[in-house]
Every structure is written in structure tokens, then in C-alpha cells.
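Structure first, commentary second.
Numbered from 1 within each chain, the chains take letters A, B, ... in sequence-line order.
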Amino acid sequence: MHSMIAALTQLLEQALLQQIHDRYGVSYERLSFSVPPRIELGELALPVAFDLARKVKRAPAEIARELAQEAARIPGVWKVEVAGGGYLNFRLDRLGLTLKLADSIDRKLHGLVTGAASSGKVIVEHTNINPNKAAHIGHLRNAVLGDSFVRCLRFLGHEVEVQNYLDNTGVQVADVVVGLEQMERLTLRQVAALEGKFDYYCWDVYARVADFYRQTEANQQHRSRTLQAIEAGNNPTAELAEHVAMRIARAHLATMARINVHYDLLPRESEILHLHFWEKAFELLKARGAIYFVEDGKNRGCWVMKTGERPECEEEAARQELEDDEKIIVRSDGTVTYVGKDIAYQLWKFGLLGLDFFYRPFDSGAGGEVWVTTTERTQGLETPHFGAGRRVYNVIDSRQAYLQSIVLQGLRALGFEEEACNSVHFSYEMVALTPACAMELGFELSEEDSKRTFVLVAGRKGLGVKADDLLDTLLEKALQEVKTRHDLSGEDANAIARVIAVGALRYFMLRFARNTVIAFDFKEALNFEGETGPYVQYAIVRANNIFRKLEEAGENGRFHWRDVEQQSLRAFLAENDDIWELIYQAARLPDVVRQVAQTLELSQVGKFAFHLAQKFNLFYHNYHILSEADASRKKNLLLVVDIVRRQLEKSLELLGCEVPQKM
RNA sequence: GCGCCUGUAGCUCAGCUGGACUAGAGCGUCGGUCUCCGGAACCGAAGGUCGCAGGUUCGAACCCUGCCAGGCGUACCA
């Protein structure tokens, strides 16, 4: 799938490459177009004449003029001009592009051109919250990035499978189980009877376990013992762990459903173990010599993988370094680390393990169809085919870059070079708190910390903003705003407030580049003005109001873009650069999304929507549409509004935001 | 120590593979726009030696080197 604009650019490139070759005998691989500083100068610019000038020893402006003459005949091109001493500026056929775009929008393509087939299933793994406590704002960033990325890939025509991996047998779940069993002295039955928000309850338990471990050596030993019991299964501790993990997982799904995030499959770590995924991977790794057993030294009794690029470390002097370059895959107590299990999981994702899970639908209580892995086949149940992806994206914060590289090293060691290349660590920075925010939450900071620009969220300390709390606060604020403007029933007001709150939250999480640390601040996150989701929503609501009024005005008020008079529209577009710019920007949506698929910078979609909304608001201010006396001009204006609102709506949809009826 | 990332307006951030210019937004500040399709909006002003110093290039916020400052990682946590 490529876009209208990309298709046109390609056509232009082909024609020019041919022309340059014929005329000057120079062969380029490709031409790199840029964007002129102002729309009046055109939509595409090409500085190739500067380079040609050196090669054929002639003036760049002269060469540019020669190229311009023929290029003007390319279909879709309106005019070609020479500027800036040798730039070729291309001005596109405004009417043609506008009509094409309107038609494309009607067919729900929004500027895309159907073309190349999808290149196989893409698996996106995101969210992956340890199921041992409530989700916090850092998890929201992960889920919003992942979910929006999935929406973009689907828009581009990819088949996408969304997986939310549940680390239900890991250390973090074990810690909470220790807290419940040893600290709180609760049985499974008692835990199951606990009322209220269980994820919040566990948040506090988890925060206190660290202290519990510090108290005595015996307390500390509960961790390893519990972890082993969980891995072994068939014992009360394992059952409690199962209860905790799945109950928390449900809570996470409910939280994510609030912000329009859903999944296809919940692969569980316990199945990786019980279905012997890990054993199989372990055998493969051993057979290939990718990991080895350590007899001596600090890593004694562990199976490790060598990291770093010095396989032949020499003599005793290097012994220390060698140990530093060993990543433990199997601990000395026989349990497997996360990385080990992740290698097995990654192999399965590509269909390389020769094993598969069993599946059953998962009742998340949060709507949407989601499946979970199980250890046994369910009789008579037809299950979708999961896994066996062609390309895999793991949305994981940048602190895990090292672990991710080890997983890839594992794949490579097993000879799966191509799959390693198709494994992408979708890395992003964490959400931290401003010191002011941490203090607002009631945390005492050291003098050192209070001087920092941000402090890290720390689940172990219970320091963080819970996702549901943030959402509740946003909802409340949005509701206030709605109520000051409209007299609505509670239900209607709530529905609108929810859409606005989610729009604000998701936009906020996507505003920043991936590798920017978000220093969370309530004032900023709760803002509904300026560069925010509600700003974009408001622009669309305004546009929708125009059409609503039009319909209210009667049958003659109905509008369809095919009703525009082409001659009138042609002149209108030629005369008004500001309007043409609005449409051209709107047409760029698929180009932005294609770029996002490569750079993984979702913020670009947000920026696109915001800038387009800004331009629209200016247009809205400058042009009166409903009161326009000239009928054909009015239709032209309506066409502009229609195109822009539909592209804006689509870009919000890609960001997982909806549009309220009114606001 | 080593590895990765970051340093742009008072604050929070953009700036695509180096390119047309006066380096852009939002917030905040100050001043305007309500007989209008809703002001969650629009317009204007003030505010920057793009951390510092070299280098490459016709051209550098962007590429290279060094330095300074900060963050993260380098766990038998993930």
C-alpha cells in the first residue's frame, strides 16, 4: 500500500531519472525530493540540478530549466518552476488531487492507494505488565504506543496480531504471593474473598514486601522458595499465584479497555514452562553451544550465555571480565530467568519452536474477544491460528534494551538470522514524575531528589500514579468542563467526558518522541487546551456542526462532494493557496503513517493531526461557510471542511481517540 | 569503568534521510478578537550565542572528534 502522493512522486521520479539519463548521460539510483518552504512554491522540490551542474559543468539554473520543460507534461503535475538558482519546484494538479482524495476518503482509504500485498503477519507485543499490582502511567505509555502502532499498521493493510504477555510465574508475582502468605497470613480462600480494587490492594502489599525481605534472612528465603513452588505447580502457593496473576490481569484489561486498548491473545509464561517450550529451547541452545554450564566462580551452577564480542578471553587475568560478560539464563536453583523464557517465546512467535500452545477464549469482563493460552486442548473448540509471524515488534521500555539484545543473540546462535533481523525492539523511555508531582502524591523526597528534573516511578516503593486514578481525575475534570457548557443528562455528559478524557490522555502519551522521558505533571496531563487531544476533537466537532446545521436547514441543505462544480473548484483552488495547503496537508495522512511504520514515532501522527486542526481552525475563522451567498463557492468550502474533518477523524482513530457529539 | 540515550525560548517539547528562512509549537506572560458555522477557538507581542570547543561540507540544531552536565543500563528482578 502506498499513498496518492507517494505514487505521484514515484511517477515523477521515474520520468525525471529517464530524462536525466537521456539528456545528460547521468544515472542516479533515485532522487530525493524535499518540501519547498512555502506552499505557493509548490508541493515538491528537487535540488538535483546542483549536483548535475558539477557533473556536466553547466549552470544549475540552465539545467533546471531544461528539465522543467518536459517534467511539466507529466500527468498530475500542474506547473514546474525553477527557483533559488536551480531548485525544481513542482506544483501538483490541485483539482485532480482534491477529487482523488475525496473519492479515496469515500472508500475509506484516506489517501492510500491499494497496491502491494501485505508481507505476512505482524505480531505486536505490548502492555506486558507484571500481573502483581495496579497499572501505572508508565504502563499507559506502553499500551498507548503499542495500540496506536497496531492501528497504524492495520491502516496500512498489514495483518496484525496483538499479544499481551503475562509473566504470571515471575519474581514480581512471587513477591506479592510472599506478601500475602507470609506477611498478611492469608490463604487463597481469604484472598479470593477480598473486596474492593484488588490491584490497588496488591500495589500496597508489593510496596511493603521489600521491607519484609530486609527484616530477616528467613524472610528473604521465601522469595526463592515461592518462585520454585510457582514453577513446580500443583501446590497451594502456585494456586494462590495463579489467582493473583489472573485477577490482576483482568484488572489490567479493564483499565486498558477504558482507553480503547484491546488484545488478541494473552500468552502466559506458565504455559511456556508447562508445555515445555523452555525445555525445547534449552535443548536447542545447549546443542548449539549457545549457553554453557559454569562450574566455578560467582556464576557457579548456572547456565549462562556469553555476551559481548570476545569469545576467546585469555588466561586468569580475563576471568573477572569473562564473568561480567555472562548473562545467566538458568539460575543455580534450576529456575529460568525471564530472558530464557523470552527466547522460547520469541522462537514460538516466529513459528520456529515446533510446539504450540492450546487456547481458550478469555472472559476479561472488559468486552472484545481475547484468547488466553492453556495447557490442554478444549474439546470441540475451534481456535484461530496464533503465532508464526513474519515480523515481530516488542514494545518494551528502553531499559530492557540489553535483555532484548540477548534474546536476539539467542536467535542468532540458533541460526535464525533472518528472524533476528525481523525482531524489532520498539523502545521507548519511561514516564517519570516531576518532584512536585511526587510530593503532591504524598511522597517524601530526599533533598537530592527534589532538585532533579524528575524522579523515577518505583513499584517497589509504591511510588507512582495509578492509571485508573489518573483516568478518574481526567474524567472528573472533563465532566466539569462539559457541564459548564451544556445542560445534559448525567449519562450523556459522562459519555462525552469519557471521550474527551481518553482523547486527552492518549494524545498526551503520544505527544513526545519515543526516547523522551516524560516527566509527568498533573497540570500538563489535565490540560485540554493548546496541543492536546481535545483541541483536535474540538476542530472536528466544529466541522461536524456545520454539516449538522446544514441538514437541519432542510433537504436542500444536504451536501455531497460530487455536487461541486469542477470549473469553479479548479479556480477556487488555484486562487487560494491557504485552502489548497489545507487540502494538501490533509492528503498527507497516509504518508505520515507510512513514515511512522518505519520510524516508530507515533508522535508524528499526533503532530499531523494537531497541525491540521490548527490550520482548520484558522480557516474556520477566516471563512464563513453557511452564510456564503455564492452557491458554488459554498459547495467548494463544504468540500474542504468535509475532507479535513474526515482526515482528522481518521488520524484520531489511529491514535485510539474518538470524537464527541458536542463539547 | 564500559555501553546506550539526552542537552534547542521562563517551563514542556518539535525539528523527517544535513538544504531555500528570520530555528518552530504548546504552556506561561502582556495586548487584542464575542451582531460569528459555539471562545476547549483566533490574531499579535516579548522571549533562543540550538550545552561548550574544534572539524567535515558550497551549506550543520542535525554528520565526526574532544570536553562539560544529566539520565538509563551493565542483577541468580523484569
5'-most contact on RNA chain B: Val35(A) or Val330(A), nearest heavy atom basis?
-> Val35(A)
Between G71(B) (P) and Phe520(A) (CZ): distance, integer Å = 22 Å
Between Leu463(A) and Leu456(A), the two heavy atoms sitting closest are CD2-O, 3.5 Å
State which of G71(B), G26(B), C42(B) makes the closest approach to the side chain of Met430(A).
-> G71(B)
Tyr507(A) OH - G26(B) P separation (whole Å) = 11 Å
Nearest to side-chain heavy atoms of Val482(A), which nucleotide of G38(B), C72(B), A40(B) = A40(B)
d(CD, Gln400(A); P, C72(B)) in whole Å | 15 Å
Gap between atoms CD and C1', on Glu524(A) and C11(B) respectively (whole Å) = 8 Å
Selection from U12(B), G38(B), C42(B) that lies nearest to any side-chain heavy atom of Lys662(A) | G38(B)
C1' atom, G28(B) versus A46(B): distance in rounded Å?
-> 12 Å
Shortest side-chain distance from Tyr538(A), nucleotide among A78(B), A41(B), U74(B) | A41(B)
Got Asn142(A) and Asn128(A) here, is their nearest side-chain heavy-atom distance under 4.5 Å?
-> no
C1' spacing across the pair C68(B) / C52(B), given as an integer number of angstrom | 7 Å
Touch class at under 4.0 angstrom, heavy-atom based, for Ile500(A) against every strand present = base
Between Phe212(A) and His222(A), what is the ring plane arrangement, given parallel below 30°, perpendicular above 60°, and tilted in between?
-> parallel
Hey, which of these two, Asn527(A) or Leu626(A), hits RNA chain B nearer its 5' end, going by closest nucleotide?
-> Asn527(A)
Would you sketch RNA chain B in dot-bracket for me? Only Watson-Crick or G-U wobble pairs with both distances under 3.5 Å count, crossing pairs as [ ], other-strand pairs as |, the rest as dots.
-> (((((((..((((.....[....)))).(((((.......))))).....(((((..]....))))))))))))....
Taking OP1 and OP2 of A41(B), is either one under 4.0 Å from a side-chain nitrogen or oxygen of Arg542(A)?
-> no
Exercise: do Asn527(A) and Thr532(A) side chains pair donor with acceptor under 3.5 Å = no
Side chain Ser332(A) and base C76(B) donor-acceptor under 3.5 Å = yes
Quick one: is Asn515(A) getting a side-chain N or O under 4.0 Å of the U6(B) phosphate, OP1 or OP2?
-> yes
Rounding to a whole Å, what distance do you find between Gln172(A):CD and C76(B):P?
-> 16 Å
Any idea which of A41(B), C43(B), C16(B) is nearest the Gln595(A) side chain?
-> C16(B)
Whole-Å distance, Phe610(A) CZ to C27(B) C1', equals 11 Å
Short side-chain N/O contact to A14(B) OP1/OP2 from Arg511(A), under 4.0 Å = no
Looking at every strand, decide which applies to Arg548(A) at a 4.0 Å heavy-atom threshold: base, sugar-phosphate, or nothing.
-> nothing
For residues Arg498(A) and Leu475(A), determine if any side-chain heavy atom of one lies less than 4.5 Å from a side-chain heavy atom of the other.
-> yes
To the side chain of Asn299(A), which of A41(B), G73(B), C76(B) is closest?
-> C76(B)
Gln614(A) side-chain N/O to G26(B) phosphate OP1/OP2 under 4.0 Å | yes
Given U74(B), A78(B), A41(B), the nucleotide with the shortest approach to the side chain of Tyr402(A) | U74(B)
Rounded to whole angstroms, how far apart are CH2 on Trp303(A) and C1' on A75(B)?
-> 21 Å
Where the side chain of Phe512(A) is concerned, which of U12(B), A78(B), G38(B) is the nearest nucleotide?
-> U12(B)
Phosphate OP1/OP2 of A78(B) contacted by Tyr338(A) side-chain N/O (<4.0 Å) | no
Between Val171(A), Thr335(A), Asp333(A), which is the residue that forms a side-chain contact (heavy atoms from CB on, under 4.5 Å) with Ser224(A)?
-> Asp333(A)
Identify which nucleotide among A40(B), A75(B), G71(B) has an atom closest to any side-chain atom of Lys327(A), counting heavy atoms from C-beta outward.
-> A75(B)
Under 4.0 angstrom, heavy atoms only, what part of the nucleic acid is Leu618(A) near: base, sugar-phosphate, or nothing?
-> sugar-phosphate
Establish whether the base of G38(B) is bridged to the side chain of His486(A) by a donor-acceptor pair shorter than 3.5 Å.
-> yes
Please state whether the base of A20(B) and the side chain of Asn89(A) form at least one donor-acceptor pair under 3.5 Å?
-> yes
Under 6.0 Å from the six-membered ring centre of Phe426(A) and within 45° of its axis: does the NZ or CZ of Arg514(A) meet both?
-> yes
If we take the C1' atom in both A61(B) and G1(B), what is their distance in whole Å?
-> 31 Å
Would you call the rings of Phe616(A) and Tyr620(A) parallel, tilted or perpendicular if under 30° counts as parallel and over 60° as perpendicular?
-> tilted
Which whole-number value in Å describes the distance from Tyr87(A) OH to C58(B) C1'?
-> 11 Å
Check every strand shown and say whether Asn617(A) touches a base, only sugar-phosphate, or nothing at a heavy-atom separation below 4.0 Å.
-> sugar-phosphate
At their closest point, which heavy atom of Val339(A) faces which heavy atom of Lys327(A), and how far apart are they?
-> CG2-CE, 3.9 Å
Does Thr516(A) make a side-chain N or O approach to OP1 or OP2 of A14(B) shorter than 4.0 Å?
-> yes
Looking across every strand, which nucleic acid part, if any, lies under 4.0 Å from Leu41(A) by heavy atom: base, sugar-phosphate, or nothing?
-> nothing
Parallel, tilted or perpendicular: which fits the ring planes of Tyr165(A) and Tyr345(A), with parallel below 30° and perpendicular above 60°?
-> parallel
Pick base, sugar-phosphate or nothing for Tyr620(A), based on heavy-atom distances below 4.0 Å to the nucleic acid.
-> base
A40(B) base stacked by Tyr535(A)? Criteria: ring centres under 5.5 Å, plane angle under 30°.
-> no
Taking only the side-chain heavy atoms of Ile328(A) (C-beta and beyond), determine which of G26(B), G71(B), C76(B) contains the nearest atom.
-> C76(B)
Is Leu600(A) close to Val424(A) at the side-chain level, that is, under 4.5 Å between some pair of heavy atoms?
-> yes
C1' atoms of U22(B) and U49(B), separation to the nearest Å | 16 Å
Say you pick atom P in A14(B) and the same atom in G51(B); how far apart are they, in whole Å?
-> 14 Å
At under 4.0 Å between heavy atoms, what does Phe547(A) touch on the DNA or RNA strands: base, sugar-phosphate, or nothing?
-> nothing
